[in-house]
Every structure is written in C-alpha cells, then in structure tokens.
Chemist: 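What follows is a structure written as structure tokens; I'll ask about it next.
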Amino acid sequence: MEKQQSDLERDRQYCELCGKMENLLKCGRCRSSFYCSKEHQKQHWKKHKLICKEADKAQLLKQKPEQAPPSGDNKAPEKPREKISPEQADNAASPQPTNTELNTEVGDKPGEDGSNDTATPNGQTSSSPQKLALEYIVPCMNKHGICVVDNFLGAETGLGILENVKALHKTGKFTDGQLVSQKSDSSKDIRGDKITWIEGRESGCEKIRFLMGRMDDLIRHCNGKLGNYTINGRTKAMVACYPGNGTGYVRHVDNPNGDGRCVTCIYYLNKDWTAKEHGGLLRIFPEGKAQFADIEPKFDRLLLFWSDRRNPHEVQPAFATRYAITVWYFDADERARAKEKYLTGEKGVKVELGKPSDPS
C-alpha cells in the first residue's frame, strides 16, 4: 500500500523547476510543491515563497490545537528524509526519494475513521470510475492541466486491446498521419505516425470499444468539474502507430484555434517500454512554465491533458513500434462556435456521450 501511495504521488507531481517526475522531494513547509533536488528548490524559491508561506498557514489552521507544530520559520520538518524546507535547502543532506502519505488536496478527504480512502490510479480494482474521476482526475487536471493514470484497465484487458490494435495494423488500413489544416507530403516532416480512425463498432475492435466506453465513463463523472467546460461529445478514436524508425511528431498544439476540443485522452499499449532504450517520450511544455513534463508511453497508461495552447507537446523519436489510442472530448460552447465559423474537416466526427460504457 505504501508503494502504491508513493507511485500515485509521483504521478500527480513534478519538479516545479524542471518538470522531472521521479525521485521527488516535498517542500517541508507547504507540502504541496515538489522538487527533484535541493538545488532546484533553491533556484525556484524566489517564486515559490510567494505561495509557500500562505499554504503553510492554511495547513496549520487545519490541524487540531494539540497537534499544531511549533510556530516560526525555523521549525524542522516532521520527516527530514522525506521533506525539505526552503530554509534548509542550503544545508540539506542529499535528497531522498519521497515516500509520504497521499496528498489530501482538493477532492481528497480522509474518511471519518481516519483512513485516507482516496482514489488510486492503479486500475479499477480498488476504486470505481466515479471515485477515480472525482478524487484524482478532477483535482489533478484543475491543478496541473495534465493527469497520468497507470494500470488503468489491468494487464488482461490491456493485452486484449493491444491484440485488436495489432490485428488492425496488419490489415493495412493505417495511413500517414495528416494535419488538420494541411494534407500534403510536408506532413511527413512534422509527424511520422500511421493512423486509422475507429468508431468502436467495427469487427475485431471489441476491446477498443470497451476502452472508449471506459474513457467516456471517466469523462462523464468529471463533467462540469473540469475547468469551465461542459463536455457533450468526442471524436472517434485515433489509433496511431510510430513504426520505430526514429520518427516522432514535432512540437504542436492539438487545438490551437478553438475547434472545440478541450481534453486530449491517450491510452498507451507498449509493453516493457523504457525511454532510455526506445525513446518515444511525449514531452509537454505547459504554457507559462519553465519546466516540462516527460510522459513515457507505458503499457496500460492513460494520459489526459488540456487540448488547447496551454499544453504544446511533442513526440520524441521512437525506436520501437509505439502504439497509442487517442480520443478528444468537445466543449459544447466552443464546438458550437467553431461550427458557426468553419468546417474543420477533421476525420474525428462528433458523437454524443451515451450510456455508461457505451462509446456512441
């Protein structure tokens, strides 16, 4: 359980300076910001201190009087091997991987019995789709604009989806990925994937249909709580394959011009994938931030992020066959405005969100 908690926290956080998502240290004062090293905490302190002290005060107010720690800026962190305070950064020992309790941020409230029954991204065995959506995805997206869910469907279901995709790939129906605004040979210089669009009712795509339904379930439970969006539909599923010859996709924005897409939802299908050996990282450059986030396309991993200019991203060269399934969800108002202005010409047509587990 402790390992699952640590894995969840790492997926929800990244270094405030560089965006690294592994071996993080938690700020000992506010307990809401993370850094990969004491050096990066020091470099970011001028910006972080503006919110750190206020967050610290809020934490103190939440505690019972008998549990309140000593006041003052020089108090020591409760777990010095797991947390570092800004003042101690200069003299701290070498950083240790964080291994702390689950965050109790927005949407995460411990039970009355003292347990912390928050959603975990480790599949659906210990958490319902509704719990996962409301207690993990909603607060994570609203805070970071990026959310990673590992072991989303479990190994058995993931392998079934992978078999569907591989069989689909063998049919030869995949074509060169195109740009919405430009359909020419120059697209190959920008993106090197092969794609096909799936509605979910095609023969041999039953497991892909199931995945689409589970994505819909999550978004339905999140609806009305993700930013200011009202989601009323989505595209078909885009099944993509990078053939492993060093191709990728240059830095771009999914929805730069308000075509209605608000959430990008990607499911990865790559067994035993390591970025060091296989490349293929999805690197996201959150708008207005110096750091970036590197997402490995690991098997049974679900990734969500805002589709607009807040999240420019690129797919780095892949040196092994890399499979992913992407669905874009529409905001009702923006989609209506886009339809009034122009026809987008995209192959992913809008479909209404149906009943639970029904992708159509």
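Residue indices begin at 1 and follow the sequence shown.
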Chemist: Is there a side-chain contact (heavy atoms from CB on, under 4.5 Å) between L153 and I161 once you walk through the steps?
Modeler: CA-CA 10 Å; L153 298 176; I161 298 169; 3.5 Å; yes
Chemist: Can you tell me how far CG of L134 sits from NZ of K225, rounded to the nearest 0.5 angstrom?
Modeler: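 Answer rounded to 0.5 Å: 5.5 Å.
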Chemist: Are L281 and V315 connected in the hydrophobic side-chain network, where two residues link if heavy atoms are under 4.5 Å apart?
Modeler: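 No; tracing contacts between hydrophobic side chains, which count when under 4.5 Å, never links both residues.
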Chemist: Mind checking the CG-SG spacing from L211 to C265? Nearest 0.5 Å is all I need.
Modeler: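 It is 7.5 Å, given to the nearest 0.5 Å.
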Chemist: Hey, are the side chains of R283 and F285 touching, using non-hydrogen atoms and a 4.5 Å cut-off?
Modeler: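 With C-beta onward as the side chain, the pair touches.
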Chemist: Of all the heavy-atom pairs spanning P286 and I146, show the shortest one and how long it is.
Modeler: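 Answer, listing the atom of P286 first, then I146: CG-CD1, 4.1 Å.
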Chemist: May I ask you to decide if W273's main-chain N or O and N270's side chain share a donor-acceptor pair within less than 3.5 Å?
Modeler: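 No, N270 side chain to W273 backbone: no donor-acceptor pair under 3.5 Å.
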Chemist: Under the 3.5 angstrom rule, does the side chain of E314 hit a backbone N or O of Y249 as a donor-acceptor pair?
Modeler: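 Here the side-chain-to-backbone pair does not exist.
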Chemist: When rounded to the nearest 0.5 angstrom, what distance separates CG in N151 from NZ in K298?
Modeler: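 It comes to 10.0 Å.
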Chemist: Look only at the side chain of E202 and the backbone of G200, and say whether a donor-acceptor pair between them is shorter than 3.5 Å.
Modeler: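 Here the side-chain-to-backbone pair exists.
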Chemist: Side-chain contact, heavy-atom cut-off 4.5 Å: R191 with H252?
Modeler: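 SC-SC contact between R191 and H252 ruled out.
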Chemist: About how many Å separate CD1 of I137 and SG of C147, when rounded to the nearest 0.5 Å?
Modeler: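 It is 5.0 Å, given to the nearest 0.5 Å.
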Chemist: Testing L303, L302, L218 for side-chain contact (heavy atoms from CB on, under 4.5 Å) with V149, which one passes?
Modeler: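 Result: among L303, L302, L218, L302 is the only option passing the side-chain contact (heavy atoms from CB on, under 4.5 Å) with V149.
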Chemist: Test side-chain hydrogen bond (donor to acceptor under 3.5 Å, both in side chains) on Y229 and N223; report intermediate values, then the result.
Modeler: CA-CA 8 Å; Y229 295 123; N223 206 1; over 6 Å; no
Chemist: Any donor-acceptor pair under 3.5 Å linking the side chain of T264 with the backbone of W328?
Modeler: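 Answer holds: no.
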Chemist: Are the side chains of M238 and W197 in touch, meaning some heavy atoms are under 4.5 Å apart?
Modeler: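 Yes, at least one pair of side-chain atoms sits under 4.5 Å.
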Chemist: Would you confirm whether N142, through its side chain, and V138, through its main-chain N or O, come within 3.5 Å as a donor-acceptor pair?
Modeler: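 Yes, the answer is positive, given that a donor and an acceptor are paired below the 3.5 Å cut-off.
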Chemist: In terms of hydrophobic clustering (I, L, V, M, F, W, Y; side-chain heavy atoms under 4.5 Å; direct or indirect links), are V250 and F305 co-clustered?
Modeler: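 Yes, it is one cluster - the side chains of V250 and F305 are joined through contacts under 4.5 Å.
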Chemist: Measure the NZ-CG distance between K166 and N164 for me, rounded to the nearest 0.5 Å.
Modeler: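 Taking NZ in K166 and CG in N164, the distance rounds to 12.0 Å.
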Chemist: Give a yes or no on whether I195 and V253 share a hydrophobic cluster (residues Ile, Leu, Val, Met, Phe, Trp, Tyr; joining criterion: side-chain heavy atoms under 4.5 Å apart).
Modeler: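 Unlinked, I195 and V253 end up in two clusters.
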Chemist: I'd like to know if the side chain of T157 reaches the main chain of G154, judged simply by a donor and an acceptor atom lying under 3.5 Å from each other, with no hydrogens or angles considered.
Modeler: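 No, the answer is negative, given that no donor and acceptor are paired below the 3.5 Å cut-off.
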Chemist: With a 4.5 Å cut-off on side-chain heavy atoms, are I284 and P312 touching?
Modeler: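 Result no, sub-4.5 Å side-chain heavy-atom pair not found.
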Chemist: Do K194 and T175 come within less than 4.5 Å of each other through their side chains, counting heavy atoms only?
Modeler: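 Answer no - side chains too far apart.
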Chemist: Hydrophobic clusters here meaning ILVMFWY residues chained together by side-chain heavy-atom distances under 4.5 Å, can you tell me if F210 and I219 are in one?
Modeler: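 The answer is yes; both residues are in one hydrophobic cluster.
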Chemist: Give me the atom names and distance for the closest heavy-atom approach of R220 to D217.
Modeler: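 Shortest heavy-atom separation between R220 and D217 comes out as NH1-OD1, 3.1 Å.
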Chemist: Are E163 and K207 close enough that some pair of their side-chain heavy atoms sits under 4.5 Å apart?
Modeler: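 SC-SC contact between E163 and K207 ruled out.
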Chemist: Set out, in order, the CA-CA distance, both residues' side-chain angles and the distance that settles side-chain contact (heavy atoms from CB on, under 4.5 Å) for N257 and R309, then state yes or no.
Modeler: CA-CA 9 Å; N257 299 312; R309 293 177 182 270; 3.4 Å; yes
Chemist: Would you say the side-chain atoms of W306 pair up with the backbone N or O of H144, donor to acceptor, closer than 3.5 Å?
Modeler: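 No; zero donor-acceptor contacts below 3.5 Å.
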Chemist: How close do A133 and H221 get, counting heavy atoms only, and between which atoms?
Modeler: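 So the two residues come closest at CB-CB, 3.6 Å.
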Chemist: Any side-chain heavy atom of N311 sitting closer than 4.5 Å to one from E287?
Modeler: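 No. Closest side-chain heavy atoms not under 4.5 Å.
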Chemist: Look up atom CZ in R214 and atom CG in L132, then write down how far apart they are to the nearest 0.5 Å.
Modeler: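 So the gap between those two atoms works out to 9.0 Å.
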Chemist: Is there a side-chain contact between V165 and I325, using heavy atoms and a 4.5 Å cut-off?
Modeler: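 Yes, close enough: below the 4.5 Å cut-off.
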Chemist: Without swapping roles, check the side chain of H313 against the backbone of R251 for a donor-acceptor pair under 3.5 Å.
Modeler: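 Here the side-chain-to-backbone pair does not exist.
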Chemist: Are M215 and L162 co-members of a hydrophobic cluster defined by side-chain heavy atoms under 4.5 Å apart?
Modeler: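 In one cluster: yes.
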Chemist: Please report whether the ring centroid of H169 lies less than 6.0 Å from that of F174.
Modeler: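 Yes.
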Chemist: Assess the side chains of Q316 and D294: does a donor N or O sit below 3.5 Å from an acceptor N or O?
Modeler: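 No, D294 and Q316 have no side-chain donor paired with an acceptor closer than 3.5 Å.
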Chemist: Should the pair R301 and Y268 be classed as cation-pi, given the thresholds of under 6.0 Å to the six-membered ring centre and 45° from the axis?
Modeler: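 The answer is no; the distance or angle limit is not met.
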Chemist: Could you check whether any side-chain N or O of R322 sits under 3.5 Å from a backbone N or O of G280, counting only pairs where one atom can act as donor and the other as acceptor?
Modeler: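 Checked: pair present.
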Chemist: Checking side-chain polar atoms at under 3.5 Å, does D300 have a donor or acceptor matched by the opposite partner on Y267?
Modeler: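 Looking only at side-chain atoms, Y267 and D300 do form a donor-acceptor pair, the distance falling under 3.5 Å.
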Chemist: Any ion pair linking D254 and R261 (charged N to carboxylate O, less than 4.0 Å)?
Modeler: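 No, R261 and D254 are not salt-bridged.
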Chemist: Quick check against the 3.5 Å criterion: does T230 have a side-chain atom that pairs as donor or acceptor with the backbone of A332?
Modeler: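 It does not hold such a pair.
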